[in-house]
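Remember, it's 1-based here, ligands and their atoms both numbered in the order they're listed.
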Amino acid sequence: MMRRLADMQAEVLDRMPRLKAVEVALDDAVGSVLAEDVISPEDLPGFENAAMDGFAVRGAELEAGRREFRVTVDIPAGRFVSDPVARGDAARIMTGAPMPPGVDTVVQVEHTSVEDDLVTVEQVPVSGANVRRAGEDVTAGDVLFERGARLGAAEIGLLAAVGVERVRAVRRPRVAILATGSELVPAGRPLRPGQIRNSNSFTAYGQVLAAGADPILLGIARDDVEETRRLMAAALENDVVITSGGVSVGDYDFVKQVQEELGVERRFWGVATKPGKPLAFGVRGGTLVFGVPGNPVAAMVSFEMYVRPALLALQGRPDVYRPWFFAEAAEPVRGTKDRTEARRCRFTHEEGAVKFTTTGPQGSGILSSMTGAEGMFFVPPGYPGGDVGEELLAMLLEGSSTERPPFPGLQAS
Ligand code: AMP
Ligand code: MG
């Protein structure tokens with residue numbers, strides 16, 4: 001029974017286990033997901049400070065017409081001055097230095113001229129200009145990030161800025177990657193006739209890393225039941241298993257059989273999608289077991305559609321989908337038969353519309369058209385073919401969204 005992409009994606013995400021939280025130092029948390037809300041312990045900025053190098057004066061005095069001030073104090077970053085600046089006086093102040101009492105406006109140095117201890121304001125800013133208020137970015141006690149937030153560079157930076165040293169993050173899923181096929185040869189070994197390189201392990205490695213999980217390369221299982229069983233047993237000790245190849249209906253496709261022998265409960269096999277039809281999904285205990293097709297593009301697209309959302313959901317991310325939108329064909333669109341087709345593409349902006357153009361031949365083995373692809377567009381089954389300007393669902397291959405894309409497809413049977 002062939003089922004449609006959207007239902008199978010939902011099936012994978014249903015009853016997803018949650019991984020435990022671990023306490024980690026900030027530098028180890030990059031790319032991880034918060035297991036609890038983080039409340040800011042500090043204001044940011046912690047004190048009122050200058051946003052420019054210049055002279056701190058009273059805005060009211062500028063408004064009253066004063067242009068000359070006596071410079072009585074010098075305040076570099078890191079120096080705190082508690083004596084008020086008197087009327088008619090100015091403080092020479094550097095960016096980030098605390099504003100002294102009495103003044104409320106910074107005239108940037110480029111808008112002044114200085115002679116001895118006298119500064120002349122040549123261009124008058126509005127009262128209160130060039131001053132950063134205490135807490136204007138973050139207020140102590142605010143929820144800085146909610147549980148489920150991914151900690152990218154900016155998030156880690158903000159945590160550091162408010163003095164957070166450690167966070168409770170979701171343990172990263174350990175993902176075993178196993179390539180199958182007697183024709184596969186690892187890099188560094190010569191190719192004999194009929195042999196090919198193992199690329200799926202490396203695309204999966206990159207995709208797993210990008211999803212915030214820890215990839216573990218288990219190498220290549222030849223098409224041999226014993227060897228497949230031995231490596232599969234090792235793979236099943238992890239949170240997630242991704243095998244590539246060996247899930248079609250060929251005589252040497254042992255993956256499903258071996259998984260079943262090892263206690264993997266099959267949830268589904270086969271999705272009405274091109275590429276990526278012979279996708280197998282099952283579970284054993286808390287371990288999610290994905291068998292992605294062997295063809296390199298099918299393997300990557302299957303990862304995108306099923307494994308990535310699962311890896312994010314395991315980590316408690318609400319934004320498990322990719323950003324999507326409807327876009328216009330910049331070239332004629334080929335028709336489909338009985339499956340939803342995902343075609344890799346790039347996007348351009350023309351006349352206020354986002355348009356898509358395929359990156360090249362779309363065969364499920366043509367990996368070069370996956371390189372440089374910014375996204376994919378989806379053509380429904382039974383589509384007769386369409387012209388330039390046709391509107392179809394498109395999805396980015398970067399970023400995240402909480403909204404499930406409305407994948408086209410046949411109704412679930
Ligand atoms: P299979 O599903 O095992 O029949 O594989 C389908 C196609 O994908 C065959 O042409 C395989 O040679 C190819 N293939 C399988 N695994 C890999 C891999 N790890 N790297 C590159 N190509 C592969
Ligand atoms: Mg094979």
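Remark: the Y383 side chain and the E390 side chain contain an N/O donor-acceptor pair separated by less than 3.5 Å. Using a 3.5 Å distance cut-off with no hydrogens or angles, the side chains of S400 and R150 do not pair a donor with an acceptor. Between the side chains of E403 and S401, no donor N or O sits under 3.5 Å from an acceptor N or O. Looking only at atom types and distance, the side chain of T359 has no donor-acceptor partner in the side chain of R344 under 3.5 Å away.
The nearest non-hydrogen atom to atom 6 (C) of ligand 1, considering only L367, L184, N295, T203, comes from N295.
Not a single heavy atom of G250 sits under 4.0 Å from any atom of ligand 1. G246 counts as a contact of ligand 1, since one of its heavy atoms falls under 4.0 Å from the ligand. Taking a 4.0 Å cut-off on heavy atoms, D223 fails to register as neighbouring ligand 1.
Salt-bridge check for R171 with D239: passed, with a basic side-chain N closer than 4.0 Å to an acidic carboxylate O. Salt bridge status for R147 with E36: absent, with no side-chain N to carboxylate O gap under 4.0 Å.
When atom types are taken as modelled, the side chain of D43 and the backbone of A140 share a donor-acceptor pair closer than 3.5 angstrom. At least one donor-acceptor pair under 3.5 Å links the side chain of D253 to the backbone N or O of G250. Between the side chain of R132 and the backbone N or O of P45 there is no donor-acceptor pair closer than 3.5 Å.
Every N/O-N/O distance between P293 and ligand 1 stays at or above 3.5 Å. Among the atoms of G294, some N or O lies under 3.5 angstrom from an N or O of ligand 1.
Near S248, meaning under 4.0 Å from one of its heavy atoms, ligand 1 places the atoms 2 (O). Each of the atoms 19 (N) of ligand 1 lies under 4.0 Å from some heavy atom of S244. Every atom of ligand 1 with a heavy atom of T180 under 4.0 Å away is listed here by number and element: 16 (N). Heavy-atom proximity to N198, at under 4.0 Å, picks out these atoms of ligand 1: 18 (C), 19 (N), 20 (N). Numbered from 1 in the order shown, with element, the atoms of ligand 1 that lie under 4.0 Å from a heavy atom of A179 read 19 (N).
Ranking the protein heavy atoms by distance from atom 4 (O) of ligand 1 puts D253 OD1, 4.2 Å first. Atom 21 (C) of ligand 1 has S199 OG, 3.4 Å as its closest protein atom, hydrogens excluded (heavy atom only). At the shortest separation from atom 12 (O) of ligand 1 among protein heavy atoms lies E183 OE2, 2.5 Å. Nearest protein neighbour of atom 18 (C) of ligand 1, counting heavy atoms only, is N200 ND2, 3.2 Å. Protein heavy atom nearest atom 22 (N) of ligand 1, with residue, atom name and distance: I196 CD1, 3.4 Å.
Classified by interplanar angle (parallel below 30°, tilted 30° to 60°, perpendicular above 60°), the ring pair F268/F281 is tilted.
Counting heavy atoms under 4.0 Å from ligand 1, residue R197 touches it through the backbone alone.
Of all heavy-atom pairs between P275 and A342, the closest is CD-O, 3.5 Å.
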